[in-house]
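If you're wondering where the values come from, they're calculated on a predicted model, not measured in any experiment.
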Amino acid sequence: MASRNDNKRAQNIGRYSVSSVSSRPSLNQKLKFDKLKNLRPAQRKGAALAVAFLLLASVFGYGGAWLQNHDEQSSGSAILTGTVGSQKKVVTSTSQLISQIAKTVGPSVVSVNVDITGSSNSGFGLFGFSQPESEQAAGTGIIISKDGLIMTNRHVVPEGTTKVSVTLSDGTELKDVSVVGRTSSSDNLDVAFLKVNDTKGHKLTPATIGDSSTVQVGDDVVAIGNALGQFQNTVTSGIISGYGRSVTASDSSGSQESENLDNLFQTDAAINEGNSGGPLVNLNGQVIGMNTATAGNAQNIGFAIPINDIKGLIDQVVKSGNFARPYLGVRYVPLTADVANEYDLSVQKGAFIAPSSDPTNPSVVSGSPADKAGLKESDVITQVDGQDIDQSHSLTSLLSPHQPGDKVTLTVLRGHDTTHVTVTLGDMPSATNQ
């Protein structure tokens with residue numbers, strides 16, 4: 001639970017907190033989730049309260065032994081190329097390397113400040129109508145184009161956001177910012193895009209996007225973000241601890257709504273409240289993930305969305321200025337050996353459409369493109385257009401480059417039989433485009 005911070009505006013950025021971690025992921029691990037809502041009204045100055053939510057976590061994914069570092073790293077030096085200068089720069093210590101990465105990537109990282117309006121259930125007017133309630137919060141964003149496009153997490157700019165501004169790394173605040181679009185709360189991809197409409201003559205520096213499919217357990221990474229909503233461009237470092245992680249979140253208010261986030265990187269780089277939406281970068285200064293969550297009750301367990309899962313949306317928004325999310329309509333679990341053994345599956349790689357215990361929340365959404373194409377619970381999607389689904393290529397990342405209306409061919413294992421299914425992708429329901 002975040003503490004009260006007097007003399008500061010409300011600062012509460014999405015965070016997961018795990019109460020227990022086991023070497024073998026459990027279906028019953030407890031998590032705490034802090035969202036950008038239910039903060040104190042902004043009219044009451046001086047007080048900030050972060051409200052904690054409870055989560056039920058289902059952490060599947062790929063672990064692995066530590067991999068040997070690159071030769072240049074093991075010898076105490078590393079080569080930084082391309083994104084940090086026109087020529088290769090050789091540094092002789094980790095601290096110098098991280099400092100150089102921070103200086104290079106820092107100008108591409110912004111603080112995102114939002115005003116949110118909701119309705120209060122506790123305060124009623126003379127005629128019994130709920131009163132609007134305002135709150136403020138902050139997160140992090142990544143500049144992706146010179147003309148002012150920024151990506152962040154959906155929960156940083158949730159539904160009800162009425163005002164957005166961004167603060168550049170040099171402290172300049174740009175107030176004319178709009179929300180281009182965000183994924184829906186039922187989407188397993190927690191992503192939103194912003195547009196700075198007036199840069200006031202400031203030159204914006206886009207981040208260099210990397211390739212998350214090349215990331216391996218043990219790779220060194222650096223996280224940059226707006227820690228606690230007030231410390232800009234805080235830098236932490238660590239390694240990739242695992243990948244393919246999945247969590248299912250529900251809040252503590254008793255609501256039946258839940259949020260599923262799939263195929264996340266796990267890292268021991270400290271990800272703090274306020275880091276949501278910020279970059280996780282490799283030693284070449286390339287963004288390979290977007291920081292999204294942290295296991296606050298455990299030591300150094302954070303989660304980030306692999307950048308390849310977002311690349312298709314980035315390309316689409318940069319090229320067209322519009323936001324549309326290709327939609328299949330399945331809820332899946334990235335296969336691991338543990339999951340394969342539990343369900344007696346003959347393969348250990350793919351997207352498993354696990355049976356749902358909740359009839360109101362089926363794994364194949366009724367009326368979706370997947371439903372129309374005949375996909376069923378317990379199917380395993382092993383390929384998209386001939387490309388294997390594995391630890392480096394998730395179902396989400398392979399569908400990401402496509403647009404609504406595109407046809408894709410899925411290779412599906414049903415029992416012991418393999419079949420090919422052609423699906424026409426739809427437009428993700430309720431994904432906003434404003």
Side-chain angles (χ1 to χ4, degrees), residues 108 110 112 140-159 161 164 166 177-197 199 204-213 261-264 277-280 286-292 304-330 351 365 368-370 384-385 387 389 392-410 423-434:
S108 302
V110 301
V112 179
T140 305
I142 307 168
I143 299 172
I144 57 174
S145 74
K146 293 180 179 179
D147 62 353
L149 283 171
I150 294 169
M151 64 179 177
T152 186
N153 282 141
R154 170 186 64 224
H155 70 257
V156 172
V157 286
E159 295 286 350
T161 296
V164 183
V166 299
V177 180
S178 58
V179 179
V180 175
R182 62 173 74 82
T183 55
S184 69
S185 59
S186 61
D187 196 330
N188 60 11
L189 197 61
D190 188 352
V191 175
F193 291 88
L194 311 175
K195 178 66 166 63
V196 179
N197 300 309
T199 63
L204 301 185
T205 305
T208 299
I209 304 301
D211 181 1
S212 57
S213 71
L261 303 176
D262 294 326
N263 192 46
L264 303 177
L280 188 69
Q286 300 167 334
V287 178
I288 51 88
M290 179 191 291
N291 302 323
T292 300
I305 302 170
I307 199 63
N308 284 16
D309 287 6
I310 315 174
K311 273 185 176 180
L313 288 175
I314 294 173
D315 292 342
Q316 177 193 128
V317 174
V318 168
K319 291 176 182 178
S320 69
N322 297 318
F323 179 91
R325 173 99 157 94
Y327 175 57
L328 179 59
V330 298
V365 179
S368 68
V384 177
D385 289 334
Q387 171 68 61
I389 296 174
S392 299
H393 303 88
S394 69
L395 175 61
T396 300
S397 67
L398 293 179
L399 293 178
S400 178
H402 291 280
Q403 305 295 319
D406 286 356
K407 291 184 177 182
V408 296
T409 299
L410 307 179
V423 181
T424 301
L425 299 174
D427 195 347
M428 180 69 72
S430 301
T432 59
N433 187 7
Q434 56 187 37

Once rounded to the nearest 0.5 Å, what's the spacing between atom [atom1] of [X] and atom [atom2] of [Y]?
X: L189; Y: M290; atom1: CG; atom2: CE; result: 8.0 Å
X: N322; Y: Q403; atom1: CG; atom2: CD; result: 10.0 Å
X: L261; Y: I305; atom1: CG; atom2: CD1; result: 7.0 Å
X: Q286; Y: L280; atom1: CD; atom2: CG; result: 12.5 Å

Result block: side-chain N/O donor-acceptor pairs under 3.5 angstrom for residues 146-153, not counting sequence neighbours:
residue, atom, partner, partner atom, Å
D147, OD1, S145, OG, 2.3
T152, OG1, T140, O, 2.6
N153, OD1, G277, N, 2.9
N153, ND2, D190, O, 2.8
N153, ND2, T292, OG1, 3.4

Item to complete: Walk me through it: do F193 and I144 pass the test side chain to side chain contact (heavy atoms under 4.5 Å, CB included)?
Response: CA-CA 10 Å; F193 291 88; I144 57 174; 3.8 Å; yes
Apply side chain to side chain donor-acceptor pair (under 3.5 Å) to [X] and list each qualifying residue two or more places apart in sequence or on a separate chain.
X: S213; result: D211
X: Q387; result: none
X: S108; result: none
X: S397; result: S394

Discussion item. Would you say that P369 contacts V423 through its side chain, given a criterion of any heavy-atom pair below 4.5 Å between the two side chains?
Written reply: yes
Worksheet item: Any side-chain heavy atom of I143 within less than 4.5 Å of one from V166?
Response: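 The answer is no, as the side chains (C-beta and beyond) never meet within the 4.5 Å cut-off.
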Item to complete: Check the pair Y327, L425 against side chain to side chain contact (heavy atoms under 4.5 Å, CB included), reporting the backbone distance first and the verdict last.
Response: CA-CA 5 Å; Y327 175 57; L425 299 174; over 6 Å; no
Heavy-atom closest contact ([X] atom, [Y] atom, distance):
X: V287; Y: P279; result: CG2-CB, 3.9 Å
X: L313; Y: A324; result: CD2-O, 3.5 Å
X: I142; Y: G278; result: CD1-C, 3.8 Å
X: A370; Y: V330; result: CB-CG1, 3.4 Å
X: P404; Y: G426; result: CB-O, 3.5 Å
X: G321; Y: V180; result: O-CG1, 3.6 Å

Item to complete: In sequence, state the C-alpha distance, the side-chain angles, and the governing distance for V164 and V157, and then conclude on side chain to side chain contact (heavy atoms under 4.5 Å, CB included).
Response: CA-CA 8 Å; V164 183; V157 286; 4.2 Å; yes
Please confirm whether the backbone N or O of [Y] pairs with a side-chain atom of [X], one donor and one acceptor, at under 3.5 Å?
X: D187; Y: S184; value: no
X: K311; Y: G210; value: yes
X: R182; Y: V191; value: no

Discussion item. Just to verify, which of D309, T396, N188 counts as forming a side-chain hydrogen bond (donor to acceptor under 3.5 Å, both in side chains) with N263?
Written reply: D309
Practice prompt. Using the side chain to side chain contact (heavy atoms under 4.5 Å, CB included) rule, take L194 and S178 through it: C-alpha gap first, then chi angles, then the decisive distance, then the call.
Written response: CA-CA 6 Å; L194 311 175; S178 58; over 6 Å; no
By side chain to side chain contact (heavy atoms under 4.5 Å, CB included) - contacts of [X] (at least two apart):
X: D385; result: H402, V408, T409
X: A351; result: Y332, I381, I389, L395
X: T199; result: V196, L204
X: S400; result: none

Worksheet item: Side-chain donor-acceptor pair under 3.5 Å between R325 and T183, yes or no?
Response: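 Note: R325 and T183 side chains miss the donor-acceptor criterion.
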